Amino acid sequence: MRVLMLGATKGMGRSLARQLAARGATIFLLGRNEDDLRASGADLSAHGANYAGSAYCDLERPETFAPALDLAEAALGELDAVILSAGIFAPQGRLEEDSELAEKLLKVNCTNTIVFCERARRRLLSKAGGVLCVFSSVAGERGRKPVILYGASKSGLTT
């Protein structure tokens, strides 16, 4: 299986990348931090993964989506699966104090993530199909005062 992962440089995404690698998947990573991408690539290689490389992709910058997808397809040949676990978080109080941060969070976690997924979906369907897996958050399942805006962004993504 040839897997493209956006958001596999930390936590849950990195753990999932390791598990897929253990099952023989060839993995290509996307992310916005080159140091994190290098560290994750080294981590995968150290665990015996078929690591195909990485490329810059930033959910704040939709103009990075197509070039990143192009590089992933070139490295993998074709995409069997695209997995996205990236996003941003900030506490509700901070979002209420900083309207620019609130707008950024809503845009990254919902609108731009959906735009990326649509581009990936079209590529998958233009070939033999594949899997598009997007992680959201339980915060999107029901409104909770401590995470109203974050929850709204994830609810939009989930829907």
Side-chain angles (χ1 to χ4, degrees), residues 1-91 94-95 98 100-124 126-140 147 150 153-154 157-158:
M1 177 180 267
R2 296 159 294 197
V3 180
L4 168 62
M5 298 187 74
L6 174 56
T9 60
K10 305 243 189 246
M12 179 182 65
R14 183 180 262 185
S15 178
L16 179 57
R18 284 180 182 165
Q19 290 178 31
L20 289 168
R23 294 180 180 183
T26 300
I27 298 173
F28 191 91
L29 301 175
L30 298 180
R32 63 182 177 182
N33 184 300
E34 290 183 29
D35 291 337
D36 287 345
L37 287 170
R38 272 193 295 280
S40 292
D43 178 71
L44 287 171
S45 295
H47 284 85
N50 296 320
Y51 174 59
S54 65
Y56 177 77
C57 185
D58 186 343
L59 285 174
E60 286 185 61
R61 301 181 56 217
E63 69 274 11
T64 67
F65 300 171
L69 288 164
D70 289 343
L71 289 168
E73 282 185 311
L76 294 170
E78 285 189 23
L79 301 175
D80 296 316
V82 176
I83 301 173
L84 190 145
S85 61
I88 59 174
F89 176 82
R94 187 158 171 234
L95 295 171
D98 187 342
E100 287 181 20
L101 178 60
E103 184 178 333
K104 174 180 164 180
L105 179 136
L106 292 165
K107 196 171 199 175
V108 165
N109 288 355
C110 188
T111 305
N112 288 0
T113 297
I114 292 168
V115 168
F116 178 87
C117 289
E118 279 300 294
R119 292 192 181 165
R121 181 186 67 83
R122 283 190 218 110
R123 287 174 188 246
L124 288 167
S126 73
K127 309 287 183 187
V131 174
L132 176 59
C133 175
V134 184
F135 286 83
S136 184
S137 172
V138 69
V147 290
Y150 175 77
S153 74
K154 292 302 186 171
L157 177 61
T158 299

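As the structure is a computational prediction, the values presented were derived from the model and not from experiment.
- A salt bridge links Asp70 with Arg123: at least one charged nitrogen is closer than 4.0 Å to a carboxylate oxygen.
- Here the side chains of Asp80 and Val3 are not in contact, with every heavy-atom distance at 4.5 Å or above.
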Thr9 and Asn33: CA distance, side-chain angles, deciding distance, side chain to side chain contact (heavy atoms under 4.5 Å, CB included) verdict: CA-CA 9 Å; Thr9 60; Asn33 184 300; over 6 Å; no

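- The OG atom of Ser85 sits 7.0 Å away from the CG atom of Leu6 when rounded to the nearest 0.5 Å.
- For the atom pair CG of Leu124 and CG of Leu79, the computed distance is 6.0 Å after rounding to the nearest 0.5 Å.
- Rounded to the nearest 0.5 Å, atoms CZ (Arg61) and CZ (Arg32) are 11.5 Å apart.
- Rounding to the nearest 0.5 angstrom, the gap separating the CE atom in Met5 from the OG atom in Ser54 is 13.5 Å.
- Taking every heavy atom of both residues into account, Leu76 and Ala52 meet most closely at CD2-CB, 3.7 Å.
- Taking every heavy atom of both residues into account, Leu59 and Ala86 meet most closely at CD1-CB, 3.7 Å.
- Within the 3.5 Å criterion, the main-chain N or O of Gly11 finds no donor-acceptor partner in the side chain of Ser15.
- For Glu118, the CD atom sits in a packed shell: over 12 heavy atoms of surrounding residues, nucleotides or ligands are nearer than 6.0 Å.
- The main-chain N or O of Pro62 is found under 3.5 Å from a side-chain atom of Arg119 such that the two form a donor-acceptor pair.
- For the atom pair Leu20 CG and Leu44 CG, the distance stands at 9.5 Å (nearest 0.5 Å).
- Nearest heavy atom pair, residue Leu105 against residue Ala90, reads CD1-N, 3.7 Å.
- When all heavy atoms of Cys117 and Leu132 are compared, the closest pair comes out as O-CD2, 3.7 Å.
- In this structure, the separation between CG on Asp43 and CG on Leu29 is 9.5 Å, given to the nearest 0.5 Å.
- When all heavy atoms of Ala49 and Ala21 are compared, the pair lying nearest together is CB-CB, 3.3 Å.
- The closest side-chain heavy-atom distance from Leu4 to Leu30 is below 4.5 Å.
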Can Phe135 and Ile83 be said to form a side chain to side chain contact (heavy atoms under 4.5 Å, CB included), step by step? CA-CA 8 Å; Phe135 286 83; Ile83 301 173; 3.8 Å; yes

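- Here the side chains of Tyr56 and Leu37 are not in contact, with every heavy-atom distance at 4.5 Å or above.
- The shortest side-chain heavy-atom distance between Arg2 and Glu78 falls under the 4.5 Å cut-off.
- By the 6.0 Å contact criterion, CD on Glu100 is open, its count of non-hydrogen atoms from other residues, nucleotides or ligands being 12 or less.
- Judged by distance alone, the side chain of Thr64 and the main-chain N or O of Asp58 form a donor-acceptor pair under 3.5 Å.
- Residues Tyr51 and Gly41 share a closest heavy-atom pair of CZ-CA, 3.4 Å.
- Using a 4.5 Å heavy-atom cutoff, the side chains of Cys57 and Phe116 are in contact.
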